[in-house]
Amino acid sequence: MTHGSAPQADTPHELLATVRDLTRQVRVAQRGTWFPLLVFATVALVAIPVYRYGPYLDLFHTCRSGDDQMVCSGENPTELGYWTVALVLAYAAIAAFYVKRSRRRGVGTPIRPYVIVGIALAVLMAAVSIWLTFHPLLPIPADPFATDVVEIKAGLAAQLIYGLASPMAVIGLALLVLAWVERHWALLAYSLGYLVIVAILGSRFINSPSLWYFLPDLLIPAAVLLLGAAVFALFRPTAEAQN
Amino acid sequence: MTDHPANGLDDVVHQRVRLGIMAIAHQARQVEFGFLRTKLQLTAGNLGQHLTVLEKAELIHIEKGYEGKRPRTWVTLTAAGQAALRDEIAHLKQLIQQVEQADTAPTTHQ
């Protein structure tokens, strides 16, 4: 292709093959998969102290006081606020990373749909979580101060709605969009695997007196995201790694 | 004869380098001169000539600017360019299909 002459010598097959090859090369140059995964792993790890030490802000007046204890229903508004702000900031950082890299490499970025969907899902997650606080789909015990273990039976639809309203699922769903915009089959497979892990974690019934009961729900997805970031960074094409 | 896909080919687009420029610009949305030069393995002068042809045909838009002190030339595909690329690929596929059908058609011997 050095001289770009004699186009008559190119058969339709060769021309189409050239178009496909160049398109593939551009897609590879546009990918930056490791960065969003690293950002979300960090966000999940930073959530650990927020869950453990963040106060329960009774913004929605769902807490009831007993003799010497207080029982609250619904998600902690502190945690919900953390996730909403953290996810929006994470998408802003991801957009900035892709745009900066795009300018440096001289090739545009297809990241906009991913960032828009990601932020929309984060806002939707916050709205659904608040709605669920007032309209819980799971039965609430008649005596909120009872210490007996009660098995909560939730329908599939309820489980699905609670699951999809979780920050970890929201991250995974947006990753599917990233896999589509980057035309990245490995990322698609990874995202589906990640969502399965998140779904398994979300379907567990937790009855634990430990103040660290939430740890697996944050640590396991964070570890999976970190591992994904490391693998995608390690196996990116040489030309990409040099930029 | 007028239905033959070869008649629908645009001479400006039906050229390996210019088709390459348009394919890259389509996927990249916006692409810089240096990236095009590297991917298409062209000299600056040669690439410049092809870009001029495409710009005159209003298939691409060229924007010159600076990033810091470094001059940068960005190329984007116009709406006409998007349509021309789509048409070219469709015609190429039709050509391949016609050739393959001709190859597999039974021949009669008298």
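Protein chains get the first letters and strands the later ones, always in sequence-line order, with residue 1 at the start of each. Reckoned from all heavy atoms, side chains included, excluding hydrogens, waters and symmetry mates. Because the structure is a prediction, the values reported are computed rather than measured.
Using modelled atom types, one side-chain atom of Gln30(A) and one backbone atom of Gln27(B) make a donor-acceptor pair closer than 3.5 Å.
Highest contact tally toward chain B, considering only Pro110(A), Ser102(A), Gly108(A), is held by Gly108(A) [criterion: heavy-atom pairs under 4.5 Å]. Per-residue counts of heavy-atom pairs under 4.5 Å with chain B were compared for His13(A), Arg20(A), Gln25(A), Arg183(A); the largest is that of His13(A).
Residues Leu19(B) and Thr18(A) have side chains not in contact (no heavy-atom distance under 4.5 Å, counting atoms from C-beta outward). Using a 4.5 Å cut-off on side-chain heavy atoms (C-beta onward), Leu40(B) and Leu22(A) make contact.
For the atom pair OG1 (Thr11(A)) and CD1 (Ile96(B)), the distance works out to 7.0 Å, reported to the nearest 0.5 Å.
Residue Arg18(B): no heavy atom, backbone or side chain, is found under 4.5 Å from chain A. Using a 4.5 Å cut-off between heavy atoms, Arg103(A) touches chain B through backbone and side chain atoms alike.
The two atoms that bring Val107(A) and Ala28(B) nearest to each other are CG2-CB, 3.3 Å, heavy atoms only. The two residues Phe35(B) and Gly106(A) have their closest heavy-atom pair at CB-O, 3.5 Å.
Pairs of residues two or more places apart, or lying in two chains, never qualify as side chain to side chain donor-acceptor pair (under 3.5 Å) while including a residue from residues 106-125 of chain A.
Annotation for Tyr66(B): atom OH does not count as buried by contact number, only 12 or fewer foreign heavy atoms lying within 6.0 Å.
Applying the side-chain contact (heavy atoms from CB on, under 4.5 Å) rule to His26(B) yields the partners Leu77(B), Gln82(B), Leu85(B); only residues at least two apart in sequence or on another chain are considered.
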